[in-house]
> 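Provided herewith is a single structure, encoded as structure tokens, for subsequent inquiry.
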Amino acid sequence: MRPARLIDAPRLAALHETCFPDSPWDEAYWQDAVMLTVVEVAEQGLCQLRVAADEAEVMTICVAPEARGQGLGRMLLRAAAARAHGAGADRLFLEVAVENAPARSLYAKLGFKAVGLRKGYYAAGGDALVLARDLPLEEPGAGD
Ligand SMILES: CC(C)(COP(=O)(O)OP(=O)(O)OC[C@H]1O[C@@H](n2cnc3c(N)ncnc32)[C@H](O)[C@@H]1OP(=O)(O)O)[C@@H](O)C(=O)NCCC(=O)NCCS
């Protein structure tokens, strides 16, 4: 796991499409993303955050289906959040589909709390929870 570089754009596009088949984010998107945002990449996962002044937002996070449940998503988010904090962010926001139990569990483990609800946020009509927590990102008692 490491900060993504331009050379990673094809892998980032492929990984994202594997996890989100309707994703419009192609290689050109990811070339810009690695220059303009915080992108953490691993062989089988990625996490992208955008930093604006003292706030950051999770743009996307995904782990290849065969690599899920092994701690990679948590590590990617922690690494990206640490970089965002280093860039000046002291609060991290994200949106998650109400019915996305794995992602909601990950964020709850990391101490995120609901701060809003966006009805009909997704194109398919689902609602999004807005979650937030202060940075740096630490899990009380996790010891990892
Ligand atoms: C959400 C996602 C990134 C999690 O990645 P992951 O590598 O599987 O997660 P981890 O192994 O790091 O798990 C961290 C925590 O998440 C929760 N979690 C992960 N998978 C879960 C599942 N299938 N069911 C319930 N909780 C789950 C657990 O609380 C877990 O903590 P634990 O290991 O102490 O029990 C992954 O499921 C994914 O890519 N999903 C599809 C894309 C997506 O929905 N992205 C989020 C959009 S908001």
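Start at 1 and go down the list; that is how both ligands and their atoms are numbered.
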> Relative to the heavy atoms of I61, which atoms of ligand 1 are at a distance of less than 4.0 Å?
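Going through ligand 1 atom by atom, the ones under 4.0 Å from I61 are 42 (C), 43 (C), 45 (N), 46 (C).
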> Look only at interatomic distance and state if G73 has a nitrogen or oxygen under 3.5 Å from any nitrogen or oxygen of ligand 1.
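By distance alone, the answer is yes.
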> Counting only heavy atoms from other residues, nucleotides and ligands, does the tally under 6.0 Å from CZ of R50 exceed 12?
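At most 12 heavy atoms, drawn from other residues, nucleotides or ligands, come within 6.0 Å of this atom.
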> Would you say I7 has more than 12 foreign heavy atoms packed within less than 6.0 Å of its CD1?
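Not more than 12 within 6.0 Å, no.
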> E95 heavy atoms, cut-off 4.0 Å: which ligand 1 atoms fall inside?
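Near E95, meaning under 4.0 Å from one of its heavy atoms, ligand 1 has 48 (S).
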> Of all the heavy-atom pairs spanning V39 and Q48, show the shortest one and how long it is.
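V39 and Q48 have their closest heavy atoms at CG2-CG, 3.9 Å.
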> Hey, is N100 touching ligand 1 through its side chain, its backbone, both or neither, going by heavy atoms under 4.0 Å?
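Only the side chain of N100 comes within reach of ligand 1.
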> Mind checking whether K109 contacts ligand 1 via backbone (N, CA, C, O), side chain (CB onward), both or neither, at a 4.0 Å heavy-atom cut-off?
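Side chain only.
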> Give the minimum heavy-atom separation between G45 and L72, together with the two atoms involved.
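It is N-CD2, 4.0 Å.
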> Is the contact between S105 and ligand 1 made by the side chain, the backbone, both, or neither, using heavy atoms and a 4.0 Å cut-off?
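It is both parts that get close, each with some atom under 4.0 Å.
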> So is there a nitrogen or oxygen of V96 less than 3.5 Å from a nitrogen or oxygen in ligand 1?
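Between V96 and ligand 1, no N or O pair is found under 3.5 Å apart.
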> With atom 24 (N) of ligand 1 as the reference point, say which of A128, P102, P65 has the nearest heavy atom.
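Selected option, by shortest heavy-atom distance: P102.
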> What are the atoms of ligand 1, with element, lying closer than 4.0 Å to any heavy atom of C62?
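So the answer, numbered in order with elements, is 39 (O).
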